[in-house]
Amino acid sequence: METKKLVLISTAVVAAVVLIVALMLRSRPGAEALTAEIPVRDPVEYGGDEPITGEEIVEDEPAARDAPALRDSPATPPDAGRAPEPDGSSFLAERNRRTVTLFFQEADGDLLAAEKRRIFETDSPTDQAKQIVVELINGPDRGDLLPTVPPETRVLGLFIDRQGTAYVDLSEDVVAFHPGGTAEELTTIFSLVNSLTYNLDAVKRVRILVGGDE
């Protein structure tokens, strides 16, 4: 009889302890958020056809609540921390150049002499022809040569037809600032013709215009 009483008393004590522990756990802060069922958001808010399950929502978890919002984080530039690349523009520009031969007048005579010059090599013969004429207008670099085209001259237009004739249209400055004389005029003509035909296979002949007139 006494044994049964002891068993009943022990069972009551254990049940009381379990009840007290359960009450203590339930009264802890945050326990409700951890044990409660995660609510399901209205699918209309996201524009979806299917309701979003509780597994997809993490906002009610403590870690998600404490995480900062993405839009509050400073944007990181895509190139941040990347080492600057070496500037190879000058190297590439030099590789895209070619050497041409220009013809200027000798300082101590009426003959033409050659001088080397670097221009940009492009796929257009017309563009290269313009560069050659501009370099002639800029004048020689050597002290024993004289310019053949007045430096005030401007290139108004230049094109090459299918027969290989280059039409070079110069401003009227080529006449206004020219020293004059038959020899000097021939020197200017041959300087332009030789410089273009010598360097460009596409040019067979040269026709010089001044202000659009031959």
Side-chain angles (χ1 to χ4, degrees), residues 75-214:
T76 303
D79 295 333
R82 183 181 302 174
E85 298 181 359
D87 183 11
S89 57
S90 58
F91 173 72
L92 294 177
E94 188 61 28
R95 286 190 60 184
N96 292 332
R97 289 178 180 268
R98 59 166 293 195
T99 301
V100 294
T101 303
L102 305 180
F103 294 93
F104 296 101
Q105 182 180 356
E106 292 180 345
D108 56 354
D110 297 330
L111 300 178
L112 296 177
E115 180 181 273
K116 301 295 182 181
R117 195 68 57 87
R118 300 279 287 175
I119 66 170
F120 287 101
E121 185 173 13
T122 64
D123 296 333
S124 171
T126 301
D127 181 70
Q128 295 189 48
K130 290 180 181 179
Q131 295 184 67
I132 291 174
V133 175
V134 169
E135 291 298 329
L136 282 175
I137 295 174
N138 290 337
D141 294 332
R142 290 165 43 186
D144 59 338
L145 299 178
L146 298 176
T148 56
V149 183
E152 296 84 2
T153 306
R154 293 175 293 111
V155 180
L156 301 180
L158 194 153
F159 72 94
I160 304 172
D161 63 14
R162 295 182 178 180
Q163 287 72 36
T165 302
Y167 294 83
V168 183
D169 189 8
L170 303 176
S171 66
E172 295 182 356
D173 300 313
V174 69
V175 176
F177 294 95
H178 199 277
T182 303
E184 285 75 8
E185 290 177 357
L186 290 175
T187 299
T188 299
I189 293 173
F190 282 109
S191 173
L192 286 165
V193 173
N194 291 353
S195 297
L196 290 173
T197 57
Y198 183 85
N199 295 286
L200 301 174
D201 295 335
V203 178
K204 310 299 181 184
R205 294 168 296 275
V206 178
R207 301 188 71 171
I208 301 174
L209 297 83
V210 177
D213 299 327
E214 291 191 44

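The first residue in the sequence is number 1, and the count goes up from there.
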Participant: Tell me whether Glu214 is salt-bridged to Arg207, with the criterion being a basic N under 4.0 Å from an acidic carboxylate O.
Facilitator: yes
Participant: Looking only at the side chains, is there a donor atom on one of Lys204 and Thr197 sitting less than 3.5 Å from an acceptor on the other?
Facilitator: no
Participant: Using 0.5 Å steps for rounding, measure from the CG atom of Asp127 to the OG1 atom of Thr122.
Facilitator: 4.0 Å
Participant: Compare all side-chain heavy atoms of Phe104 with those of Leu146 and state whether any distance is below 4.5 angstrom.
Facilitator: no
Participant: Assess the side chains of Arg98 and Gln128: does a donor N or O sit below 3.5 Å from an acceptor N or O?
Facilitator: yes
Participant: With rounding to the nearest 0.5 Å, note down the distance linking OG1 in Thr99 to CZ in Arg118.
Facilitator: 4.0 Å
Participant: Between Glu115 and Asp141, is there a donor-acceptor pair closer than 3.5 Å when you use the side chain of the first and the backbone of the second?
Facilitator: yes
Participant: Just so I know, are the side chains of Phe190 and Leu112 near enough to count as touching, which here means a heavy-atom distance under 4.5 Å?
Facilitator: yes
Participant: Rounded to the nearest 0.5 Å, what separation is found between the CD atom of Gln105 and the CG atom of Leu186?
Facilitator: 11.0 Å
Participant: Within the distance-only criterion (no hydrogens, no angle test), does the side chain of Thr148 pair as donor or acceptor with the backbone N or O of Thr188 below 3.5 angstrom?
Facilitator: no
Participant: Could you tell me if the side chain of Asp110 sits less than 4.5 Å from the side chain of Thr187, heavy atoms only?
Facilitator: no
Participant: Do the non-hydrogen side-chain atoms of Val149 and Val174 ever get within less than 4.5 Å of each other?
Facilitator: yes
Participant: Would a 4.5 Å heavy-atom cut-off, applied to side chains only, mark Val133 and Leu196 as touching?
Facilitator: yes
Participant: Considering only heavy atoms from C-beta outward, does the side chain of Leu209 approach that of Leu156 to under 4.5 Å?
Facilitator: no
Participant: Where the side chain of Ser191 meets the backbone of Phe103, is there a donor-acceptor pair that is under 3.5 Å apart?
Facilitator: yes
Participant: Give the intermediate values and the outcome of side-chain contact (heavy atoms from CB on, under 4.5 Å) for residues Leu200 and Ile132.
Facilitator: CA-CA 10 Å; Leu200 301 174; Ile132 291 174; 4.2 Å; yes
Participant: Taking the side chain from Gln131 and the backbone from Phe120, do they hold a donor-acceptor pair closer than 3.5 Å?
Facilitator: yes
Participant: Please check if the side chain of Thr153 supplies one atom and the backbone of Pro150 the other of a donor-acceptor pair under 3.5 Å.
Facilitator: yes
Participant: Does the side chain of Leu170 come within less than 4.5 Å of Val175's, by heavy atoms?
Facilitator: no
Participant: If you take all heavy atoms of Ser171 and Val210, which pair is closest and at what distance?
Facilitator: O-CG1, 3.9 Å
Participant: For residues Glu106 and Leu111, determine if any side-chain heavy atom of one lies less than 4.5 Å from a side-chain heavy atom of the other.
Facilitator: yes
Participant: Any sub-3.5 Å donor-acceptor pair from Arg205's side-chain atoms to Tyr167's backbone N or O?
Facilitator: no
Participant: If we ignore hydrogens and angles and just use 3.5 Å, is the side chain of Asp169 paired with the main-chain N or O of Gly211 as donor and acceptor?
Facilitator: yes
Participant: Given Glu135 and Leu102, is the side-chain contact (heavy atoms from CB on, under 4.5 Å) satisfied, shown in steps?
Facilitator: CA-CA 8 Å; Glu135 291 298 329; Leu102 305 180; 3.5 Å; yes
Participant: Counting only heavy atoms not in Tyr198, do more than 12 fall under 6.0 Å of its OH?
Facilitator: no
Participant: For Pro125 versus Ala202, what's the shortest heavy-atom pair and its separation?
Facilitator: CB-CB, 4.0 Å
Participant: More than 12 heavy atoms of other residues, nucleotides or ligands under 6.0 Å from CZ of Arg142: yes or no?
Facilitator: yes
Participant: How far apart are the closest heavy atoms of Leu158 and Thr126, and which atoms are they?
Facilitator: O-CG2, 3.3 Å
Participant: Got a donor-acceptor contact below 3.5 angstrom from the Asp173 side chain to the Ala176 backbone?
Facilitator: no
